[in-house]
Amino acid sequence: VSSRVRVAVRLRPRNAEEQAADADFADCVELQPELKRLKLRKNNWESDTFEFDEVLTEFSSQKRVYEVVAKPVVESVLEGYNGTVMAYGQTGTGKTFTLGRLGDEDTAARGIMVRAMEDILADITPETDTVSLSYLQLYMEMIQDLLDPVNDNIAIVEDPRTGDVSLPGATVVEVRDQKSFMDLLRIGEAHRVAANTKLNTESSRSHAILMVNVRRAVKGRSEMNVSMSAENGHSSSMMDSLRPPIVRKSKLVVVDLAGSERIDKSGSEGHTLEEAKSINLSLSSLGKCINALAESSAHVPVRDSKLTRLLKDSFGG
Ligand SMILES: Nc1ncnc2c1ncn2[C@@H]1O[C@H](COP(=O)(O)OP(=O)(O)OP(=O)(O)O)[C@@H](O)[C@H]1O
């Protein structure tokens with residue numbers, strides 16, 4: 001992976017309502033994809049310019065978005081690294097469209113999750129490698145299992161030795177083919193809708209987290225094994241047959257973040273205020289971690305929220 005954090009911006013097409021109401025939009029927002037810039041015009045004289053690793057216009061296809069945003073991450077996961085893809089933006093900006101579309105009726109519409117799994121399943125060796133997943137939602141600092149929603153207070157466990165983060169309480173399902181993966185996504189999405197109806201919240205007030213674990217048998221001898229066989233004086237072919245296969249574990253995490261809209265503090269009270277505080281907590285601590293990673297800082301402050309604790313070993317590397 002060339003750099004630890006890459007940021008792309010995607011502009012979705014305006015819907016009919018926006019086209020009617022907001023005719024000045026094009027005067028305010030200008031994408032400069034060749035320069036990888038986005039310009040926000042404040043008035044006739046002033047504008048702010050933001051630089052991105054990728055600028056995707058309203059004409060960018062789902063395929064192109066996958067290729068520039070997620071494919072490099074998926075490839076590094078297949079090579080044994082952990083990686084994360086996150087979508088951030090206000091409600092209605094296209095996070096779920098970009099990540100979660102199944103593309104049942106039109107394969108060109110497939111989102112990042114579906115395309116990522118296709119690439120993973122195409123690359124692994126089914127006889128020796130396994131792919132499994134958990135699907136969760138994080139709401140008000142509680143982790144709920146979207147594959148078994150009664151399980152709604154899952155603990156995050158960190159291995160003190162390896163630093164690996166795991167959720168022993170979450171359902172883990174092995175994925176053997178694309179169809180079973182799509183079924184799991186559908187089940188998770190249905191549970192997400194049902195759970196949020198029960199809590200009387202919009203789905204966009206929670207973070208949805210898909211964790212894909214890849215375990216691959218490593219071919220060939222590692223350096224450690226070569227020196228081991230030399231020390232013992234055994235022939236390496238004999239050692240090969242006695243030695244258990246080396247398994248390399250890696251993880252792809254795809255996060256559909258809660259809507260980033262600012263909640264009017266004066267108008268929010270009780271439950272809504274608590275909810276807003278918890279979303280702000282996780283998004284602001286996520287922001288701090290991303291800044292620390294982007295600056296290659298030695299200290300990444302993951303402790304502040306469940307979201308960042310959960311992502312600790314998935315920030316790349
Ligand atoms: N690139 C796009 N091309 C065409 N339509 C899009 C695009 N992106 C989003 N849309 C449409 O815009 C609407 C809002 O998108 P979506 O539901 O993905 O937003 P969201 O950011 O996930 O919102 P929420 O936070 O409420 O879940 C949907 O109707 C979706 O189909």
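The model shown is predicted, which means the values in this text are computed figures rather than measured ones. In listed order, ligands and their atoms are each counted from 1.
The proximity of Pro13 to ligand 1, defined as any non-hydrogen pair under 4.0 Å, is limited to the side chain.
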Subject >> Phe52 and Leu38: CA distance, side-chain angles, deciding distance, side-chain contact (heavy atoms from CB on, under 4.5 Å) verdict >> reply: CA-CA 8 Å; Phe52 293 86; Leu38 178 150; 3.9 Å; yes
Subject >> Verdict with supporting geometry, Glu58 and Arg12, salt bridge (charged side-chain N to carboxylate O under 4.0 Å, His left out) >> reply: CA-CA 5 Å; Glu58 64 266 50; Arg12 69 155 164 75; over 6 Å; no
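Between Thr93 and ligand 1, an N or O atom pair is found at a separation short of 3.5 Å. For the pair Thr96 and ligand 1, the shortest N or O to N or O distance falls below 3.5 Å.
By the 4.0 Å heavy-atom criterion, Gln62 is excluded from the residues contacting ligand 1. Contact analysis leaves Glu58 out of contact with ligand 1, as no non-hydrogen atom separation drops below 4.0 angstrom. In this structure, Gly92 is part of the shell of residues with a heavy atom less than 4.0 angstrom from ligand 1.
Looking at Ser206, Gly94, Gly259, it is Gly94 that brings a heavy atom closest to atom 16 (P) of ligand 1.
The shortest heavy-atom contact between Lys288 and Pro301 is CB-CG, 4.1 Å.
Which parts of ligand 1 touch Arg10 is read off a 4.0 Å heavy-atom cut-off, strictly below it: atoms 1 (N). Which parts of ligand 1 touch Gln90 is read off a 4.0 Å heavy-atom cut-off, strictly below it: atoms 21 (O).
Follow the hydrophobic side-chain contacts under 4.5 Å out from Val175 and you never reach Leu136; the two are in separate clusters.
A heavy-atom distance below 4.5 Å is not found between the side chains of Asn153 and Ile143. Side-chain contact between Lys306 and Ile156 is present, with heavy atoms from C-beta onward closer than 4.5 Å. Lys251 has its side chain out of reach of Val214: every pair of non-hydrogen atoms, C-beta onward, lies at least 4.5 Å apart.
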